Engineer: 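Dumping the structure here so I can ask a few things about it.
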Amino acid sequence: MQFDVHMRAIVAYATGGFGGEGVHLQVDLQSGLMRGARHALSPNCDARPAGVEAELIVVHGISLPPGEFGGPWIERFFTNSLPLDMHPYFAEIGDLKVSSHLLVARDGGLTQFVSFADRAWHAGQSCYNGRAACNDFSIGVELEGADTIPYEAAQYDTLAALVAALCDAYPRLSPARVVGHSDISPGRKTDPGPAFDWERAHRCIAAARGAPSRS
């Protein structure tokens, strides 16, 4: 099952690197879908609280099995179709119901699982500036990676392009409101980990938005 990828109405867009090529990433403000992404519907989501909009972008790191890249398992996990007999770790997580709005693969490919208008189940117990339950007001972005393995250049490019598009679409978002899972769940989560280069990410985001870098 897939989202309808024929976008209509007003769009906000940014141009940036995506899978090694320049493309337009566009947010459709009616559907909450990102044009330029592949779409795969996750059932692991629900409505945001009434009157709550996206105000935070949370960057995660994920690999399935841990430390291995390139398989279909993250998507299968987010769509509740993970084959539990394929790896011992899959049996450990098979009962979990989780998702993110977006996944950035190692080659920069972008997949969307949940509309930005809805609440993805990505942050768990969390707090940002004294405000708990970050799922309510955040957009979750998973990067295929591990805490101690360097992320790929294509991932920084795609992350920058999607952050720029999201900031254009949702006025309460900004590059200053891009945080790691470890920032909102300290002591419980470590991702995206020390291998994630925040200075590089901020430079790429600034370039994608046509603004001077902070560093």
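Predicted model only: the values in this text are computed from it and were never measured. Quick note: residue numbers are just sequence positions, from 1.
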Engineer: Step by step, would you call D46 with D118 a side-chain contact (heavy atoms from CB on, under 4.5 Å)?
Structural biologist: CA-CA 6 Å; D46 57 4; D118 293 328; over 6 Å; no
Engineer: Look up atom CG in L143 and atom OG in S100, then write down how far apart they are to the nearest 0.5 Å.
Structural biologist: 9.5 Å
Engineer: Identify the heavy atoms of A120 and C45 that sit nearest to each other, and give their distance.
Structural biologist: CA-CB, 4.4 Å
Engineer: Please step through side-chain contact (heavy atoms from CB on, under 4.5 Å) for the pair N80 and N44, ending with a clear verdict.
Structural biologist: CA-CA 8 Å; N80 300 338; N44 302 329; 2.9 Å; yes
Engineer: Say whether, by atom type as modelled, one donor and one acceptor occur between the side chain of S63 and the main chain of E144 under 3.5 angstrom.
Structural biologist: no
Engineer: Is it true that, when you exclude Q125 itself, more than 12 heavy atoms of the residues, nucleotides or ligands shown sit nearer than 6.0 Å to its CD?
Structural biologist: no
Engineer: Quick check against the 3.5 Å criterion: does D107 have a side-chain atom that pairs as donor or acceptor with the backbone of G109?
Structural biologist: yes
Engineer: Can you tell me how far the CG atom of L166 sits from the CG atom of L25, to the nearest 0.5 Å?
Structural biologist: 9.0 Å
Engineer: For the atom pair CG (L64) and CG (L82), what is the distance rounded to the nearest 0.5 Å?
Structural biologist: 6.5 Å
Engineer: Taking the six-membered ring of F137 as reference, does the cationic atom of R131 (NZ for Lys, CZ for Arg) lie under 6.0 Å from its centre and within 45° of its axis?
Structural biologist: yes
Engineer: When you measure from the side chain of S182 to the backbone of K189, do you find a donor-acceptor pair of N or O atoms at a distance under 3.5 Å?
Structural biologist: no
Engineer: Report whether L103 and V58 are members of the same hydrophobic cluster (ILVMFWY, side-chain heavy atoms less than 4.5 Å apart, transitive linking).
Structural biologist: no
Engineer: Does the side chain of H122 come under 3.5 Å of the side chain of S138 through a donor N or O and an acceptor N or O?
Structural biologist: yes
Engineer: Counting only N and O atoms by type, is there a donor-acceptor contact under 3.5 Å from the side chain of Q112 to the main-chain atoms of M34?
Structural biologist: yes
Engineer: Give a yes or no answer on whether the side chain of Y128 reaches the backbone of V179 with a donor-acceptor pair at less than 3.5 Å.
Structural biologist: no
Engineer: Please tell me whether F77 and F113 form a close aromatic pair, meaning their ring centres lie under 6.0 Å apart.
Structural biologist: no
Engineer: Are I93 and F69 connected into the same hydrophobic cluster when the rule is that any two of I, L, V, M, F, W, Y join if their side-chain heavy atoms are below 4.5 Å apart?
Structural biologist: no
Engineer: Which residue, I139, L33, L29, forms the side chain to side chain contact (heavy atoms under 4.5 Å, CB included) with F116?
Structural biologist: I139
Engineer: Can you tell me how far CG of L102 sits from OG1 of T158, rounded to the nearest 0.5 angstrom?
Structural biologist: 10.5 Å
Engineer: Are D136 and R48 within salt-bridge range, i.e. N to O under 4.0 Å?
Structural biologist: no
Engineer: Has the side chain of Y156 got a donor or acceptor atom that lies under 3.5 Å from a matching backbone atom of R203?
Structural biologist: no
Engineer: When rounded to the nearest 0.5 angstrom, what distance separates CZ in R200 from CG in L159?
Structural biologist: 11.5 Å
Engineer: Shortest non-hydrogen contact from G61 to Y151?
Structural biologist: CA-OH, 3.7 Å
Engineer: OG/S42 to CZ/F78 distance, rounded to the nearest 0.5 angstrom?
Structural biologist: 8.0 Å
Engineer: With a 4.5 Å cut-off on side-chain heavy atoms, are P175 and C167 touching?
Structural biologist: yes
Engineer: My understanding is that only residues two or more places apart in sequence, or in another chain, count here; which of them pass salt bridge (Lys or Arg N to Asp or Glu O under 4.0 Å) with R106?
Structural biologist: E152
Engineer: Restricting to non-hydrogen atoms, name the atom on S115 and the atom on S31 that form the minimum distance, rounded to 0.1 Å.
Structural biologist: OG-O, 2.7 Å
Engineer: With the 4.5 Å side-chain cut-off for hydrophobic clustering, are Y89 and I74 part of the same group?
Structural biologist: yes
Engineer: Who are the salt bridge (Lys or Arg N to Asp or Glu O under 4.0 Å) partners of E75, not counting sequence neighbours?
Structural biologist: R38
Engineer: Given 3.5 Å as the limit, does a donor-acceptor pair link the side chain of S126 with the main chain of C134, or not?
Structural biologist: yes
Engineer: Given V178 and V141, is the side-chain contact (heavy atoms from CB on, under 4.5 Å) satisfied, shown in steps?
Structural biologist: CA-CA 10 Å; V178 180; V141 180; over 6 Å; no
Engineer: Do any N or O atoms from the side chain of R177 and from the backbone of E55 form a donor-acceptor pair under 3.5 angstrom?
Structural biologist: yes
Engineer: Tell me whether V52 shares a hydrophobic cluster with I57, the cluster being built from Ile, Leu, Val, Met, Phe, Trp, Tyr side chains joined at under 4.5 Å.
Structural biologist: no
Engineer: Do V104 and L162 have side chains that approach each other closer than 4.5 Å (heavy atoms only, starting at C-beta)?
Structural biologist: yes
Engineer: For residues A195 and A146, report the shortest heavy-atom separation together with the two atoms involved.
Structural biologist: CB-O, 4.1 Å
Engineer: Verify, without hydrogens or angle tests, whether H87 (side chain) and D85 (backbone) share a donor-acceptor contact under 3.5 angstrom.
Structural biologist: no
Engineer: Under 4.5 Å between side-chain heavy atoms, hopping through other hydrophobics if needed: is there a path connecting L110 to L173?
Structural biologist: yes
Engineer: Checking side-chain contact (heavy atoms from CB on, under 4.5 Å) for the pair D147/F196: CA distance, chi angles, key distance, verdict?
Structural biologist: CA-CA 7 Å; D147 284 9; F196 184 73; over 6 Å; no
Engineer: Give a yes or no answer on whether the side chain of H181 reaches the backbone of A123 with a donor-acceptor pair at less than 3.5 Å.
Structural biologist: yes
